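Working notes, beginning with the structure itself.
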There are 2 protein chains.
Amino acid sequence: MSYLCVMTMKYDEAKHRFIQQWGALGSAWGISRTMAQIQAVLLLSPEPMTADELMDELGISRGNVSMSLKSLIEWGVATKEYKAGERKEYFKAEKDIYRIATQVAHERRKRELEPVLHMLESIKDMDDQEITKSKREEMQKISGDILDFAKKSDSLLKKFISAEKNWFLNKIMKL
Amino acid sequence: MSYLCVMTMKYDEAKHRFIQQWGALGSAWGISRTMAQIQAVLLLSPEPMTADELMDELGISRGNVSMSLKSLIEWGVATKEYKAGERKEYFKAEKDIYRIATQVAHERRKRELEPVLHMLESIKDMDDQEITKSKREEMQKISGDILDFAKKSDSLLKKFISAEKNWFLNKIMKL
DNA sequence: TTTTATTTTCAATAATTATTGAAAATTCAA
DNA sequence: TTGAATTTTCAATAATTATTGAAAATAAAA
């Protein structure tokens, strides 16, 4: 068994483990396992890949690849590319992990937190009456706190994004 | 229709909406809908509640309530209480939204991120060989970046926790 | 235009995850 | 101890979510 073979086995094993773990992480966070696995494959690929290559690599259906890539693009963590003189579409993943994180945080906030905040805003102004005072106060306290929290999280997210910019600049400087 | 009735309808409607939204938010984040709904009911209740009351309130089975409460307690966002001379157990939710958030962030980090970080640490030190250089480099770059990111997130989380402490202190001061 | 390569959609199905409900276990008073 | 009140467990089932695969749509070449 040659050096090349040993090396390749090691690489493939590491790659496989990474794809599996990343997929598990994705499904724990409410992103479909396949979507996360496709992202993992693209993260590890130095070159953009076609849908067919992804199908082969992960052993999944064409339809699934198509849908998952669509979602990854909607989430802003993958892009389509075209090669001159070729009909096929190529896909690549956003590889800056800070960008991925801020992108995902943004999307989730928009899709999931916003409806809750809307509802809370409307509850906060509930009519004032003497009756069921403690219940109403409990609800207003909780909704007020959640709103307060959401605002602070937003400012934190902003800090996070600006930190990411600095980090990115630093990386470029070092090159 | 009396004032009391109007008020109660409004409150119940608001409560119902809050429970539904909170449940949806939970399921989007990989926590079971029921678990989140139970948390919502407890958040709105000025008094600790029994399993039976939760069953009635949400119209779900005894077993489900029992399992969900167990999970909420494991996540550190609810606690059991006993009333003197009563056999029943009472439950209440952690109502400080900052504590809930840091608690959940902590748990998730431990359960989901840690296995990925372990794997990445082991990949980072992969054997050095000339062959498949670009692939290995890609993997090492990505895993290095993810590790780097995780470390920065940790420090951010710490800042977050300390900010929460200050915020909590401020709240107490105002009382 | 027609043909061919490629991608997308979506109804059917598979896989996963949540929930029930009744039996077993626990806890405490008598 | 026994028995009543209460909680927990878990196999069966329901509900939800992901995946397939083939037909329809699209886009470029002939």
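Below, read A as the first sequence line, B as the second, and so on, with proteins coming before strands; counting in each chain starts at 1. For clarity, every value in this text was computed on a predicted model and none was experimentally measured.
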So do [Y] and [X] actually touch side chain to side chain, heavy atoms under 4.5 Å?
| X | Y | result |
| --- | --- | --- |
| A/Ile19 | A/Ile38 | no |
| B/Tyr90 | B/Lys92 | no |
| A/Leu72 | A/Met35 | yes |

With heavy atoms under 4.0 Å as the rule, sort B/Thr34 into base, sugar-phosphate or nothing.
sugar-phosphate
Give one of base, sugar-phosphate or nothing for B/Arg62, where a contact means two heavy atoms less than 4.0 Å apart.
base
Distance in angstrom units between [X] [atom1] and [N] [atom2], rounded:
| X | N | atom1 | atom2 | result |
| --- | --- | --- | --- | --- |
| B/Met67 | D/dA12 | CE | C1' | 13 Å |
| B/Ile60 | C/dT20 | CD1 | C1' | 11 Å |
| A/Leu54 | D/dT19 | CG | P | 14 Å |
| B/Tyr82 | C/dT27 | OH | P | 9 Å |
| B/Asp52 | D/dA5 | CG | P | 13 Å |
| B/Asn64 | C/dA22 | CG | C1' | 15 Å |
| A/Arg33 | D/dT20 | CZ | C1' | 14 Å |
| A/Met35 | D/dA18 | CE | P | 10 Å |

Counting only side-chain heavy atoms from C-beta out, which of [options] sits nearest to [X]?
| X | options | result |
| --- | --- | --- |
| A/Ser61 | D/dG21, C/dT20, C/dT9 | D/dG21 |
| A/Ser66 | D/dC10, D/dT8, C/dT9 | C/dT9 |
| A/Arg87 | C/dT6, C/dT9, C/dT20 | C/dT6 |
| B/Lys88 | D/dT6, D/dT19, C/dT20 | D/dT6 |

Look at B/Ser32 and C/dT17 and indicate whether a side-chain polar atom (N or O) is within less than 4.0 Å of OP1 or OP2.
no
Looking only at side-chain N and O atoms, does A/Lys80 come under 4.0 Å of OP1 or OP2 in C/dT8?
yes
Under a 4.0 Å heavy-atom cut-off, which of residues 16-26 of chain B touch DNA chain C?
none
Assert: residue with more 5' nearest nucleotide on DNA chain D, out of A/Gly85 and A/Val65, is A/Val65
Approximate separation, where rounding is to 0.5 Å, of B/Glu57 CD and B/Leu42 CG
10.0 Å
If we count only N and O atoms by modelled type, under 3.5 Å, do the side chains of B/Trp29 and A/Glu112 hold a donor and an acceptor together?
yes
Does a side chain donor of either B/Gln39 or B/Trp22 reach within less than 3.5 Å of an acceptor in the other side chain?
yes
Please check: side-chain N/O of A/Glu53 versus main-chain N/O of A/Thr50, any donor-acceptor pairing under 3.5 Å?
yes
